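Predicted, not measured: the structure shown is a model, and the values here were computed from it. For this chain, numbers begin at 1 and follow the sequence in order.
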Amino acid sequence: MSQLLRYQICIALAPTLLSMPVLAAKAPKSGATAQLTVLETTDLHANVVGYDYYKLAAEPSHGLDRTATLIHQARKEFPNTFLVDNGDTIQGNALADYQALVKPLACDQTLGIYKVMNALKYDGAGIGNHEFNYGLAFLNQVTGSRFRVAGVDQPKRCAGPAFPMVLANVYSAKTKKPLFSPYAIVDKQVSAVGADGKPVTALVRVGIIGFTPPTIMSWDKRYLEGRVYTEGVREAAQKYVPEMKKKGADLVIAIAHGGLDASPYSPSMENAGWYLAQVPGIDAMLLGHSHQLFPNANSKVPQFDLPGVDKARGFVHGVPTVMANLWGKHLGVVKLHLKHDGKRWMVEKDKTLVEARAAQTGDKAFVDADPSVLAAVQEEHEATIRYVKRPVGSTDFRMSSYFADVGDVSAIEVVNQAQADYVAKYVAANLPQYKDLPVLSVSAPFKSGVAGPGDYTDVKPGDLALNNAADLYLYPNALYAVKVDGAGLKAWLEKSATRFNTIDPARTEPQQLVNAAVPSYNFDTITSQDVAYEIDVTRAPGERIRNLRWRGRPVAASQEFLVATNNYRASGGGNFPGLDGSRTVIASPDNNRDILIAYVREAKRLTRAANGSARSWKFAPVKTAGQVLFSSTPGMVALAHEAGLHNVTQVAADDGRGKGTALYAIDLAK
């Protein structure tokens with residue numbers, strides 16, 4: 001594969017143009033052809049190596065160390081490749097937290113995952129929403145940037161990626177200029193075939209432009225408000241794509257950290273790829289954020305069944321498009337077939353092929369890991385393991401999320417207890433005007449098997465260490481509390497209940513209980529002896545919450561509560577009704593996970609009776625003619641029964657989804 005010869009940050013606003021000399025390459029004549037294969041990683045979430053820091057065990061099903069092997073294989077197969085990352089790269093596991101929060105990097109140190117990406121010679125990268133989770137100062141440092149935003153002290157440029165990072169729709173409030181370079185034009189020397197059929201060396205000018213969900217302004221409001229602002233994805237593309245073409249880009253590759261949504265367009269739209277593909281001039285689109293696989297002819301995900309989307313071939317409105325799942329499980333491959341028209345290279349779409357290559361090669365079989373990846377981060381990896389082993393308390397029961405969708409609160413209640421305790425103490429000390437309001441708390445099962453049978457929270461009885469706290473609370477959110485009335489609380493729970501499909505009691509065919517299009521982290525659950533409610537899954541979404549009670553009495557529409565949650569939810573994350581930041585009464589500087597750790601330290605020993613059995617909700621009883629099914633890890637029925645879910649049975653060891661999860665049934669009449 002030809003090495004990167006030069007990249008230019010080609011925008012009038014950039015203070016500096018970064019470049020390297022371009023080796024001489026003849027301008028191809030009309031009729032010359034070439035194949036440029038674009039490779040995508042996305043949503044790596046700091047999974048540099050295949051290791052589960054929460055279970056303290058090797059995990060071969062994910063990790064950039066195995067994706068690296070796919071990259072090496074692709075480079076041997078294709079003469080010309082262009083490697084790009086789509087973002088959500090630096091946050092997501094204990095290694096990320098260790099480098100950001102526990103032992104922050106010095107300015108001259110390169111973030112572990114960026115060290116590996118430098119070694120793999122990435123050609124460029126976009127910025128995801130989770131890049132902002134640790135704040136702008138950290139992001140500025142580790143990306144080797146010079147942000148001009150309020151509150152960022154930047155005496156010099158720190159170590160960072162050796163490739164251009166692009167983001168077109170986030171601007172500094174101070175300068176009104178893009179936070180990152182909105183695009184870059186990378187000159188790639190490629191092996192081509194002349195019109196006469198003879199091999200030639202030619203130059204392809206590849207433009208990359210990045211986009212992140214504008215909803216970062218809600219999700220990380222505490223870091224971003226007043227410092228940056230966003231522009232709609234479509235508006236940013238319409239502004240910069242013509243400029244890229246004017247400056248000589250043969251190709252424009254959109255690095256869109258988002259999925260597809262055909263709802264009416266809005267500049268704040270989270271998943272704007274369906275509209276982005278319709279902007280003239282985009283030759284290929286790389287998607288992310290949704291943690292899905294595209295192309296995938298068998299996908300049942302609604303966003304891939306939209307008009308203009310070919311989920312089998314990998315095209316959106318005629319634009320070749322790929323989404324490489326998450327955590328390095330797949331490598332996106334877009335084989336662009338190019339033909340020169342005498343002025344520039346053009347994409348021959350009828351000859352272009354799109355695929356996503358899996359690191360998994362068979363049942364429990366995976367490509368070998370590239371050993372150089374672990375070697376590059378050995379020190380950080382081992383330090384993270386030592387960090388997460390620190391004990392903070394103990395538990396006499398198993399806390400897991402295998403059956404959280406059907407009522408097991410073993411991994412949720414202690415989180416809610418910690419959050420509610422924090423808010424109650426905060427109100428007593430600082431907000432006497434709210435002292436008479438009941439304090440509730442909501443949390444969600446963050447891990448629900450999306451990535452396979454190992455992707456569940458599972459904390460065994462015994463000592464509780466920091467890694468267990470990270471397993472119970474996956475994200476580095478900050479604790480927020482909001483004031484809502486009874487009507488708002490019911491609306492909140494109704495939104496959470498969209499996690500379930502509508503069940504027809506008369507239907508004799510099996511029905512799936514869980515709506516996979518609604519992520520588990522949006523299934524907010526109350527676990528309080530003071531609250532009780534039913535979810536009637538036979539009713540349409542928005543009409544499911546029944547018999548909502550507080551201390552045995554119906555909750556009045558005007559009754560007020562304080563609800564502990566996180567900054568993501570309180571500021572609009574998940575689009576819950578009424579939660580837009582305006583109801584926030586506590587915006588804590590403390591992370592939910594740290595609050596959980598402090599609570600466990602004080603409690604010392606957790607018991608199921610005190611910390612894992614207060615289930616506020618249940619399904620409204622209904623007899624169904626056919627089975628109601630859901631998926632979870634095989635062989636866990638006994639665990640469901642321990643949680644009091646005696647209406648759960650396993651009906652098949654393999655649910656047929658290709659993830660290794662089993663099929664379970666729940667009897668809603670019991």
Side-chain angles (χ1 to χ4, degrees), residues 38-54 59-72 74 83-100 110-134 138-139 142-143 160-163 165-167 210 212 255-259 286-294 322-333 356-360 366-367 369-370 372-374 376-377 380-381 384 447 450-452 454-455 474-476:
V38 181
L39 308 176
E40 183 209 36
T41 57
T42 188
D43 294 272
L44 293 171
H45 284 288
N47 286 286
V48 186
V49 296
Y51 190 85
D52 190 327
Y53 294 103
Y54 309 128
E59 179 47 71
S61 69
H62 64 253
L64 183 55
D65 51 353
R66 281 180 167 75
T67 329
T69 299
L70 297 179
I71 293 169
H72 299 322
L83 177 59
V84 180
D85 182 70
N86 197 311
D88 276 10
T89 307
I90 68 173
Q91 178 279 335
N93 65 8
L95 172 64
D97 285 349
Y98 180 79
Q99 292 203 285
T110 302
L111 198 65
I113 196 162
Y114 286 153
K115 285 201 297 186
V116 174
M117 294 170 77
N118 286 344
L120 289 171
K121 300 188 183 304
Y122 273 71
D123 292 290
I127 301 293
N129 54 290
H130 282 288
E131 262 65 63
F132 295 93
N133 285 173
Y134 297 124
F138 181 78
L139 183 59
V142 299
T143 57
F163 44 86
M165 308 195 80
V166 292
L167 182 59
T212 205
I255 308 172
H257 194 79
L286 311 181
L287 298 178
H289 183 61
S290 299
H291 294 185
Q292 299 293 336
L293 189 64
F294 186 86
V322 74
M323 185 192 299
N325 207 344
L326 79 164
W327 298 0
K329 289 173 174 290
H330 288 76
L331 178 69
V333 179
R357 296 186 171 185
Q360 185 166 3
F366 306 87
V367 298
D370 178 349
S372 69
V373 173
L374 176 57
V377 295
E380 299 95 318
H381 173 67
T384 302
K447 299 167 72 176
V450 171
D455 184 26
L474 190 60
Y475 300 107

Are the side chain of D455 and the backbone N or O of V450 linked by a donor-acceptor pair below 3.5 Å? yes
State whether the side chain of N86 and the backbone N or O of L286 hold a donor-acceptor pair below 3.5 Å, judged by distance alone. yes
So which heavy atom on G258 is nearest to which on S290, and how close? C-OG, 4.4 Å
Within the 4.5 Å heavy-atom criterion, are H289 and T212 side-chain neighbours or not? no
What class does the angle between the rings of H381 and Y51 fall in, given that below 30° is parallel, 30 to 60° is tilted and above 60° is perpendicular? perpendicular
When you check the side-chain N and O atoms of T41 and D85, is any donor under 3.5 Å from an acceptor? yes
L95 and Y53, any side-chain heavy atoms less than 4.5 Å apart: yes
Give me the atom names and distance for the closest heavy-atom approach of G92 to Y134. N-OH, 4.5 Å
If you measure from CD on Q99 to CG on L111, what distance do you get to the nearest 0.5 Å? 4.5 Å
CG (L139) and CD1 (I90) are apart, to the nearest 0.5 Å, by 5.5 Å
Below 4.5 Å, heavy atoms only, C-beta onward: do I127 and F132 meet side chain to side chain? yes
Is any side-chain heavy atom of L120 closer than 4.5 Å to a side-chain heavy atom of T67? no
First locate atom CG of L331, then atom CZ of R66, and finally report the distance between them rounded to the nearest 0.5 Å. 15.0 Å
Does any non-hydrogen side-chain atom of Y98 lie less than 4.5 Å from one of E380? no
Quick one: are N129 and D88 in side-chain contact, heavy atoms under 4.5 Å? yes
Do the side chains of L374 and D65 get nearer than 4.5 Å, heavy atoms only? no
V373 vs V49, test: side-chain contact (heavy atoms from CB on, under 4.5 Å). Steps then yes/no. CA-CA 7 Å; V373 173; V49 296; 4.1 Å; yes
Under 3.5 Å, is there a donor-acceptor pair between the H45 and H291 side chains? yes
Could you report the tightest heavy-atom contact between W327 and A451, atom names first, then the distance? CZ3-CB, 3.6 Å
Can you tell me how far apart NE2 (H330) and CZ (F294) are? Round to the nearest 0.5 Å. 14.0 Å
Quick check: closest heavy atoms across V142 and P161, and the distance to 0.1 Å? O-CD, 3.5 Å
To the nearest 0.5 Å, what is the distance between CG (N47) and NZ (K329)? 9.0 Å
Determine the minimum heavy-atom distance between L293 and A356, stating which atoms define it. CD1-CB, 3.5 Å
Donor-acceptor pair, side chain of D52 and main chain of E59, under 3.5 angstrom: no
If I take atom CZ from residue F163 and atom OH from residue Y114, how far apart are they, to the nearest 0.5 angstrom? 6.5 Å
Quick one: does T89's side chain get under 4.5 Å of M117's, heavy atoms only? yes
Heavy atoms only: give me the nearest A324-G332 pair and the separation to one decimal. CB-N, 3.4 Å
